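Because only heavy atoms are used, hydrogens play no part in the values below, and waters and symmetry mates are left out as well, while side chains stay in. Since the model is a prediction, treat every value here as computed from it, not as a measurement. Each chain gets a letter, A, B and so on, in the order the sequences are listed, and its residues count up from 1.
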2 protein chains.
Amino acid sequence: MGKILSIGALATLTGCKVVTIRYYEQIGMLPEPGRSAGGHRVYDRHHLERLRFIRRARELGFPLKTVRGLLALSERADDAPCAEVDRMAATRLREVRAKIADLRALEATLERLLKQCGHTTLDECRILDAFRGEPVDAGV
Amino acid sequence: MGKILSIGALATLTGCKVVTIRYYEQIGMLPEPGRSAGGHRVYDRHHLERLRFIRRARELGFPLKTVRGLLALSERADDAPCAEVDRMAATRLREVRAKIADLRALEATLERLLKQCGHTTLDECRILDAFRGEPVDAGV
DNA sequence: ATAGGACCTCTAGCTGCTATAGGTTCAAGG
DNA sequence: CCTTGAACCTATAGCAGCTAGAGGTCCTAT
């Protein structure tokens, strides 16, 4: 059915903030909706679906630029091979894994620093020493 | 010894880019250095140490605001307890762990999507379906 | 009729840099 | 001493992805 939605309703349904919806419109991620007599934005099912798509892709960490590409492919939806979608997801997966590896190294370093801390005074703080000392690899 | 450094030399020694050093000066993270007759910045050992401190803290992901606090505590270096340093590091560790957990959920979702992909055509792409379908928890 | 919440536009701000333009200085080779 | 070209200078704008604020209008329920 052609249910009609205010921007606030759309925000509630998608978990997207009102200002973010307007921002997406501004940068062309969402088509301009209709307007009520008084100038309020009026959305329909298509906007809802598109915004949900965007939100989900964003939750997986795809940058907006990539989301645009995914939307384009989704709208095409013909019999072309979906290899490009696959590639985008694989790229994102590699990024996520790389980031996890980085963060794990940080985690180890921070754990080590915290363990070393004698809980004494500023002038003999081992954590501050670690920042001050001669160049050392932060990781390992 | 009172060795003198150009901004480029400082950049090389710290692994920090020249423009970033100027940026740090601009936002008050680094004190204004002396100048040569022609107006070039001239740094000394103190700048080098301070910048190294900043870099190391940044590598661990502390935001600049926190680095300011750490620098202040490092410069105090009296017999006050170092609990605050400890707290900052512990906070950062919690953030890192939370981020790792988030990313692992993303990793699992992306792996699942990629595994589902039948490598066929756009109109029956499972990955796109996942973005399009009804609301589902992305994780688990 | 009116209150107050939801909506409107516009501009500026956030983090942490990075990029560009258009010019000046410095150090090494001839 | 002079030239060349790398390194330096300032100033402004841009990136991602929103978020916040000011100052005003609309809509709906009582």
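- Listed by chain and residue number, nothing satisfies the ring pair (Phe, Tyr, Trp, His ring centres under 6.0 Å) test with A:Tyr24 (two or more places apart in sequence, or in another chain).
- Considering only side-chain N and O atoms, A:Lys17 lies nowhere under 4.0 angstrom from the phosphate OP1 or OP2 of D:dC18.
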Any protein N or O atoms within reach of nucleotides 5-9 of chain C? Criterion: under 3.5 Å, listing atom names and distances.
from	atom 1	to	atom 2	distance (Å)
C:dC7	OP1	A:Ser6	OG	3.1
C:dC7	OP1	A:Gly8	N	2.8
C:dC8	OP1	A:Arg41	N	2.7
C:dC8	OP1	A:Arg41	NH1	3.0
C:dC8	OP2	A:Arg22	NH1	2.4
C:dC8	OP2	A:Arg41	NH1	3.4
C:dC8	O3'	A:Arg35	NH1	3.4
C:dT9	OP1	A:Arg35	NH1	3.3
C:dT9	OP1	A:Arg35	NH2	3.1
C:dT9	OP2	A:Arg41	NH1	2.9
C:dT9	OP2	A:Arg41	NH2	2.9

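- A:Arg41 is linked by a salt bridge (charged side-chain N to carboxylate O under 4.0 Å, His left out) to A:Glu25, counting only residues two or more places apart in sequence or in another chain.
- Rounded to whole Å, atom P of D:dG17 lies 12 Å from atom CD1 of A:Ile54.
- The residue from B:Lys99, B:Arg97, B:Arg94 that alone fulfils the salt bridge (charged side-chain N to carboxylate O under 4.0 Å, His left out) condition with A:Glu107 is B:Arg97.
- One finds no side-chain N or O of A:Ser36 lying less than 4.0 angstrom from the OP1 or OP2 phosphate oxygen of D:dC26.
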Are there any protein N/O atoms within less than 3.5 Å of an N/O atom in nucleotides 12-16 of chain C, and if so, which ones and at what distance?
from	atom 1	to	atom 2	distance (Å)
C:dG16	OP2	B:Leu64	N	3.3

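- Between B:Val19 and B:Ala37, the one whose closest nucleotide on DNA chain C sits nearer the 5' end is B:Val19.
- By the side chain to side chain donor-acceptor pair (under 3.5 Å) test, B:Ser74 pairs with A:Arg132, sequence neighbours left out.
- Under a hydrophobic-cluster definition in which Ile, Leu, Val, Met, Phe, Trp and Tyr are linked whenever side-chain heavy atoms come within less than 4.5 Å, directly or via other members, B:Ile54 and B:Leu13 are assigned to the same cluster.
- Remark: B:Arg58 pairs with no residue by the salt bridge (charged side-chain N to carboxylate O under 4.0 Å, His left out) rule, at least two apart or across chains.
- Rounded to an integer number of Å, the gap from CD1 of A:Ile4 to P of D:dC27 is 13 Å.
- Taking atom CG of B:Leu10 as the reference point, atom P of D:dA7 lies 16 Å away to the nearest angstrom.
- A continuous path of ILVMFWY side-chain contacts below 4.5 Å connects B:Leu70 to B:Leu64, so both sit in one hydrophobic cluster.
- Taking 4.5 Å as the limit, some side-chain heavy atom of B:Glu84 sits within range of a side-chain heavy atom of B:Leu73.
- With rounding to whole Å, B:Glu25 atom CD is found 16 Å from C:dC17 atom P.
- For the atom pair A:Leu48 CG and A:Leu10 CG, the distance stands at 6.0 Å (nearest 0.5 Å).
- Atom CD1 in A:Ile27 sits about 16 Å away from atom P in D:dG14, given to the nearest Å.
- Following rounding to the nearest Å, A:Ile21 (CD1) and D:dG17 (C1') show an atom-to-atom distance of 15 Å.
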